[in-house]
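Below is one structure, written out as structure tokens; the observations come after it.
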Amino acid sequence: MVTIRLHNSATRKKEEFIPLDPSIVRMYVCGPTVYDRAHIGNARPVIVFDVLYRLLCHVYGAEHVTYVRNFTDVDDKINAEALRRQAAGAPGTLEDLIRERTEETIRWYHEDMDALGALRPNVEPRATEFIGAMIAMIEGLIASGHAYAKDGHVLFRVRSYQNYGALSGRSVDDMIAGARVEVAPFKEDPMDFVLWKPSDDSLPGWDSPWGRGRPGWHIECSAMSYELLGESFDIHGGGIDLQFPHHENEIAQSACAHPHGKFARYWLHNEMLQVEGKKMSKSLGNFFTVRDLLDQGWPGEVIRFVYLQTHYSKPMDWTEEKAKAAKATLFKWWGEVRSIDVADGTVSAAVTEALADDINTAGAIAALHALAKQGRWADLKASAQLLGLLDERMGGWALPAITGVAAGTLEFSGEATAAVRDTPASILGSRLAEFRARKDWSSADALKAAIIDSGAQVHISKTDVQIIPGPDFDPAKLEALL
RNA sequence: GGCGGGUUGGCGGAGAGGUUACGCAGCGGAUUGCAAAUCCGUGAAGACCGGUUCGAUUCCGGUACCCGCCUCCA
């Protein structure tokens, strides 16, 4: 069996991955707050942990892996959006509007992440479905002295958990010294964080022992991972920005609520994404959603490839230049593997080993290049699919450009069949061949340049002329030359 | 201010204490009327300053710069 090694944020070391129970490998990843379209930064953990999920399935068997990723559908940003819609005259109760908004956003999220080739997790729990579990956990924390109720709030007593700060390498005292936060009057200690907060009539709320209210942000992941994966599970993933305070608080809650459990054993954090070398932000005008990129014509597979070129532990820069290069590479590979049956190939050990070495996707891609260089197309296809690439379900973008020009072969010197003789490519190819035969070089060059301008490649050999669409082929431009 | 991460050739981007990463671009050659196609080959690196070592881009320390978190944020 392949040995998987993962960099564990909790120990700051690369460790051999040994599941608690190899018959059920369990992974939890923090999912989105569903208030708006996912931006391209949100896509990074999705893609990173999708590759890890695929690797785990490959190694342990898909039926032996449980991957949970939550939807946070209780949040003030969601409430704010619903209130905005209500104020704008949208019909229905606030609850209806919230439900509408979260349903819509989840649908978008699925569409967009599907387009990036991310497999759906086995379970996608919604926070609102686990309110009871959260309340039960909070009650337990109060009973054991790790939490206290005050003014309709329930707070976690950070000082009651000795290891607080271990994950993110902080000490409570240092944080207080450097804190820039105003301390709420209901807190015993400035670092205490909210488990439950009161809701007024204008906000969604649930009945609880502390009055009508709603959960704090961190408790949902502790409650849902416990309900779905148990008090000890294998991998917990998310963006590095969640390391503190979110994951730190999750650990504190879970460790105190289930003192016999280990909670998550391997913590993985992906680094952030930048755009053209700068932090993505609305004010810089470099803020994109995944949908924006898809609508701009970037195939999901190309976006995915760009992400996989950078190791998850390093900051990744989204640039158009990278996307262009990725598109060209994939297009080239598609041209070779399109008609190949993936069942004829085997996943290259070099690819598996790269992925098993802390999800080294860039290394895996290098191994794919090696397969391509050796012309091992079936192996390339099989190996690439472990990365979620060169899969027919994503490859549509590379196909229409070819089939849109000619349904069959694009070669036409010698004996073109009637079926291909009349395609734009064959007509133009024949014309070019004629110019060449006549040694009318200026006409030939002009035609060739025009064909190339349409995004096609012109292959001239001794025996024939071929016009082959390239990654940016525009059929309309080619047809305009007729 | 506190904590964490990064800095590799023209660009992107890995691994490994000592032997070619890889891709794109470039350059040279083959082929070609020509080449943007195809094939073959090839130069080029590791922020800066110290230390450890027979030997460091790879380990350790410091400096500079960049990024993130500490406040909703993947």
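Everything numeric here is computed off the predicted structure, so don't read it as measured data.
- Ion pairing between a basic and an acidic side chain is recognised when a charged N comes within 4.0 Å of a carboxylate O; A:Asp189 and A:Arg159 show such pairing.
- Taking the six-membered ring for Trp and the full ring otherwise, the centers of A:Phe71 and A:His110 sit less than 6.0 Å from each other.
- Distance check on atom P: B:A47 versus B:C54 gives 24 Å, rounded to whole Å.
- For the C1' atoms, the distance linking B:A45 with B:G23 amounts to 16 Å, nearest Å.
- Rounded to whole Å, atom C1' of B:C59 lies 16 Å from atom NZ of A:Lys14.
- Evaluated for a salt bridge (Lys or Arg N to Asp or Glu O under 4.0 Å) with A:Arg214, the options A:Asp75, A:Asp73, A:Asp200, A:Asp76 yield exactly one hit, A:Asp76.
- The nearest whole Å value for the distance from the CG atom in A:Asn8 to the P atom in B:G4 is 16 Å.
- Within 4.0 Å of A:Lys324, counting heavy atoms only, lies no atom of the nucleic acid at all.
- With distances taken from any side-chain atom of A:Ile240 to the nucleotides B:C22, B:G13, B:G68, the minimum falls on B:G68.
- A salt bridge between A:Arg84 and A:Glu81 is present, with a side-chain N of the basic residue lying under 4.0 Å from a carboxylate O of the acidic one.
- Using a 4.0 Å cut-off between a side-chain N of Lys or Arg and a carboxylate O of Asp or Glu, A:Glu104 and A:Arg101 qualify as a salt bridge.
- Taking the C1' atom of each, B:C48 and B:A56 are spaced 16 Å apart, rounded to whole Å.
- Separating the NZ atom of A:Lys314 from the C1' atom of B:G15 is a distance of 11 Å, rounded to the nearest angstrom.
- Counting any heavy atom pair closer than 4.0 Å across all strands shown, A:Asp76 reaches no nucleic acid atom.
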Once Watson-Crick and G-U wobble pairs under 3.5 Å are found, how is RNA chain B written in dot-bracket notation, 5' to 3', with | for any base paired to another strand? (((((((..(((.....[...))).(((((.......)))))....(((((..]....))))))))))))....
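- Classified by interplanar angle (parallel below 30°, tilted 30° to 60°, perpendicular above 60°), the ring pair A:Tyr53/A:Tyr67 is tilted.
- The aromatic rings of A:Phe193 and A:Phe156 sit parallel, their planes meeting at an angle under 30°, below the 60° perpendicular limit.
- Nucleotides B:A14 and B:A35 place their P atoms 37 Å apart, quoted to the nearest Å.
- Nucleotides B:G12 and B:G55 have their C1' atoms positioned 30 Å apart, rounded to a whole Å.
- Glycosidic conformation, B:G43: anti, with the torsion outside 90° of 0.
- Classification of A:Arg5 and A:Asp358 as a salt-bridged pair fails, no side-chain N sitting under 4.0 Å from a carboxylate O.
- To the nearest 0.5 Å, atoms CG (A:Asn79) and OG (A:Ser199) are separated by 7.5 Å.
- Within residues 296-311 of chain A, the residues having any heavy atom under 4.0 Å from RNA chain B are, by residue number, A:Gln309, A:Thr310, A:His311.
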